[in-house]
Amino acid sequence: MSLSERIEKFNSAYDPKKVEHAIYTRWEESGFFNPDNLPERHVEPYSIMLPPPNVTGTLHMGHAAMLAIEDVLIRFERMRGKRTLWLPGTDHASIATQSKVEEILSKKENTTRHVLGRDAFLDQVTAFARESHDTIVSQVKKMGSSVDWSREAYTLDETRHHAVHTAFKRMYDAGLIVQGNRIVNWDPKGQTVISDDEIIYKEETTKFYYFKYGPFTIGTARPETKFADKYVVMHPDDVRYKEYTHGQTLEVEWINGPLTATIIKDGVANPEFGTGVMTITPWHSTIDFDIAERHKLEGEQIIDKYGKLLPVAGEFAGMKIKDAREKIVEKLAAKGLVVSVEENYLHNVATAERTGATIEPQVMKQWFVAVTKEFTIPHSEIPGIPSGSRTTLKDIMRSAVESGATHIMPERFEKIYFHWINNLRDWCISRQIWFGHRIPVWYRGEEIYCDVTPPEGEGWEQDQDTLDTWFSSGLWTFSTLGWPEQTKDLATYHPTNVLETGYDIIFFWVARMILMSGFHLGTIPFKNVYLHGLVRDEKGRKMSKSLGNIINPLDMIEKYGADATRISLIIGAAPGNDTKLSEERIRGYKHFANKLWNITRFVVENRAHTDSVVTQEEDKKLLEEFNTVARETTAHIEAFRLDLAADTLYHFVWHRFADVIIEESKPILRGDNATAQASRQATLFALLVDSLKLLHPFMPFITEEIYGSISHPNAPLLMIEEWPTM
RNA sequence: GCGCGCUUAGCUCAGUGGUAGAGCAACUCGUUUACACCGAGUGGGCCGGGGGUUCGAAUCCCUCAGCGCGCACCA
């Protein structure tokens, strides 16, 4: 490009729309997103697995932040000479995607999955997922993400399917995946079981009833579960009830007539609460179930899968529990069994994260990952877990972080992580959902067969359930690299360097990956966990459709460019802190992009001699000052303080380079000292070029575009230029 | 109930023992050639309250208050 052409090019304001698409195409065509194609200087492997977005629709600002942060890390390390792999993919997100399609079917075609049948329904979901996938891919590209598309993965594709079945089989053989009749969280709306982590507790004010139960007064918020309560529980040391002995029976008059009650003494009964006496409903309460297990008591199902009362409820059978409650109380009142009613009882109600329905605990036969069961780990590189030792999945999860092998940032989340592990119960992994990995277990009469492939012979029927979507996500760091095959990629890129994701899925995902990688590979899945905060609106509220405060990343890219959108999500976003984003902020960073553009115009216009060198002391000082900025920036990125790194650069480029250095250069450039003039020209050019390099990870499009216009014709892409290190 | 954070300029936030900072906003001034998507400047803070340690505290300790989050949950 000639001088006049260059000046012409920079004569109008920067327009991201004119350049971004072409730049991304050049990057893709260069092949450098794929580490196999990087030049020889790129030796040491560095890998990040993209947290796969759900194929449920489109990307939001949270995704944009994730893509921006990870791309900064990857581009930084690539320029520093690492052999960088950033592997993209998508997640089938079983429940989320299935309910989305069910919603569409219900609204648009007024039909349900049951009408369609399993196969036809799955065809619809698959079509929806494919479309959603294509949208996501185009959005990821618009953000400028330098992911290796040649290695793209999907949690439900063939390779991952094989990985999931293999993982299940190996854990089943080790006795860590077990089937059992246990109390689980039943979502009556979603018609599936969910795990403890998929529950959200919501505060609710309700009535609390005291009923006469034989000689006792018992309290409950849920009269509709009480029909078959035949055990009365009290604390062994409660002096008020010392005349009653454990195992003693007595006749009591109850809702539907007399029944024989048995006294149970158990420490969980809190003498301070109510009267200190309770009856238990083992089938529909976790606590009660535990008591029943301890004392080997019987339980009976009272409520069915649809939230309706069963025949045990007598005249109330078939009623919805909500409708039945008051009527049951009326009947008890008529029998003189109501002692009192407390009107404003505040308690927490378990609801399903996805459907919002109130969880109904039920005893059901489901599959579980046993987290506290001991097994012998054949091979382990995790500090604190020797190869061949007896250990548990819980211990693996704890040791990986406790030992520092995996470091969670910000560190306060390590405490939250340990707290969660300490309270962790077995992970329920079966779902009564159609979309997902079908459980690789087959039944024939009393026989059970578990393997990667179906059994030979007649009469086998596969388990109807699918796996919790986090089961396949848990394998992500290594299923993406071709596991269970011992691939070259697996040997090269695992454990990964950084797992970057939102703090809201630390338990769902981060912990499960540590579990899976620990068991199947005997390694940690990643060395660093970088948790970013939630992107909120300018008032700090969550972005949601109902509030109408959603800022769509694509709109912002359209209006202000991808670079401005990216850097607005990075500056001011310290690890783990929520970010407040406003359109005004993004506009501000578009101004910054334009500033950079205009700096270039000035430097190019004033660069008569491209071969001049820096000779003046004053200029050398300026370059030294820049070195300090480069060192600071590098240190900040290494410490995962991308916000401070970007802020440092913003400040230097605008308020030092543009406002001071360029202003002070004007007299020199217009003066008659040719030596000083040439030296200053070279200095400004060097400052510009190196600023572009430092800014590239944050604002890849504009920096690449400028670099391509001002560097010599044979210069490589800026994306693989060397990071300025001093 | 157990645990974890946060509270610094109007707003968003840096700052972890040594004279209070940035961006945005506000106000004033300025358009002879990098840029009005601009520049020069100005104002603005008992660093949540109280106590302690220290020569010295926004920073360390204790305590209180408000806000937020995680886990558990009482029948």
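Note that the structure is predicted; figures quoted are calculated from it, not measured. Throughout, a chain's letter reflects where its sequence line sits, starting with A, and its residues are numbered from 1.
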Applying a 4.0 Å non-hydrogen cut-off, can you work out what [X] is touching in the nucleic acid: base, sugar-phosphate, or nothing?
X: A/Ile599; answer: base
X: A/Thr600; answer: nothing
X: A/Leu644; answer: sugar-phosphate
X: A/Lys226; answer: sugar-phosphate
X: A/Asn423; answer: sugar-phosphate
X: A/Asn606; answer: nothing
X: A/Lys580; answer: sugar-phosphate
X: A/His655; answer: sugar-phosphate
X: A/Ala593; answer: nothing
X: A/Arg425; answer: nothing
X: A/Asp659; answer: sugar-phosphate

For nucleotides B/rC62 and B/rA20, find the distance between their P atoms and express it as a whole number of Å.
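Per the computed distance, 26 Å lies between those P atoms.
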What distance, rounded to whole Å, do you find between the two C1' atoms, one in B/rA34 and one in B/rU19?
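So the two C1' atoms sit 38 Å from each other.
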Please pick, from [options], the nucleotide with the shortest atom-to-atom distance to any side-chain atom of [X].
X: A/Trp654; options: B/rC74, B/rA34, B/rG39; value: B/rG39
X: A/Trp420; options: B/rG39, B/rC37, B/rC71; value: B/rC71
X: A/Lys595; options: B/rG70, B/rG39, B/rG23; value: B/rG39

Find the partner of [N]: check Watson-Crick (N1-N3 plus N6-O4 or O6-N4) and G-U wobble (N1-O2, O6-N3) distances, both under 3.5 Å, and reply none if neither fits.
N: B/rC69; answer: B/rG3
N: B/rU31; answer: none
N: B/rG56; answer: none
N: B/rU19; answer: none
N: B/rG48; answer: B/rC64

Phosphate OP1/OP2 of [N]: any [X] side-chain N/O under 4.0 Å:
X: A/His591; N: B/rC35; value: no
X: A/Tyr201; N: B/rC73; value: yes
X: A/Lys542; N: B/rG68; value: no
X: A/Arg536; N: B/rG68; value: no

[N] base to [X] side chain: any donor-acceptor pair below 3.5 Å?
X: A/Asn348; N: B/rC73; result: yes
X: A/His419; N: B/rG70; result: yes
X: A/Glu663; N: B/rA40; result: no

Centroid separation [X] to [Y] less than 6.0 Å:
X: A/Phe211; Y: A/Tyr209; value: yes
X: A/Tyr503; Y: A/Phe413; value: yes
X: A/Phe626; Y: A/Phe657; value: no
X: A/Phe602; Y: A/Phe10; value: no

Starting at atom [atom1] of [X], determine the distance to atom [atom2] of [N], rounded to an integer number of angstrom.
X: A/Ile551; N: B/rU12; atom1: CD1; atom2: C1'; value: 14 Å
X: A/Phe413; N: B/rG70; atom1: CZ; atom2: P; value: 10 Å
X: A/Arg412; N: B/rC6; atom1: CZ; atom2: P; value: 7 Å
X: A/Lys415; N: B/rA72; atom1: NZ; atom2: P; value: 20 Å
X: A/Ile359; N: B/rC73; atom1: CD1; atom2: P; value: 13 Å
X: A/Glu584; N: B/rG23; atom1: CD; atom2: C1'; value: 12 Å
X: A/His284; N: B/rC73; atom1: NE2; atom2: C1'; value: 20 Å
X: A/Leu688; N: B/rA34; atom1: CG; atom2: C1'; value: 12 Å

Any side-chain heavy atom of A/Asp229 sitting closer than 4.5 Å to one from A/Lys226?
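Yes; the side chains approach each other to less than 4.5 Å.
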Would you call the rings of A/Phe592 and A/Tyr650 parallel, tilted or perpendicular, where under 30° means parallel and over 60° means perpendicular?
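A/Phe592 and A/Tyr650: tilted rings.
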If we ignore hydrogens and angles and just use 3.5 Å, is the side chain of A/Asn185 paired with the main-chain N or O of A/Val193 as donor and acceptor?
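No, the answer is negative, given that no donor and acceptor are paired below the 3.5 Å cut-off.
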Within a 6.0 Å radius of atom CD on A/Gln248, are there more than 12 heavy atoms belonging to other residues, nucleotides or ligands?
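Enclosed: over 12 neighbouring heavy atoms sit under 6.0 Å from CD of A/Gln248.
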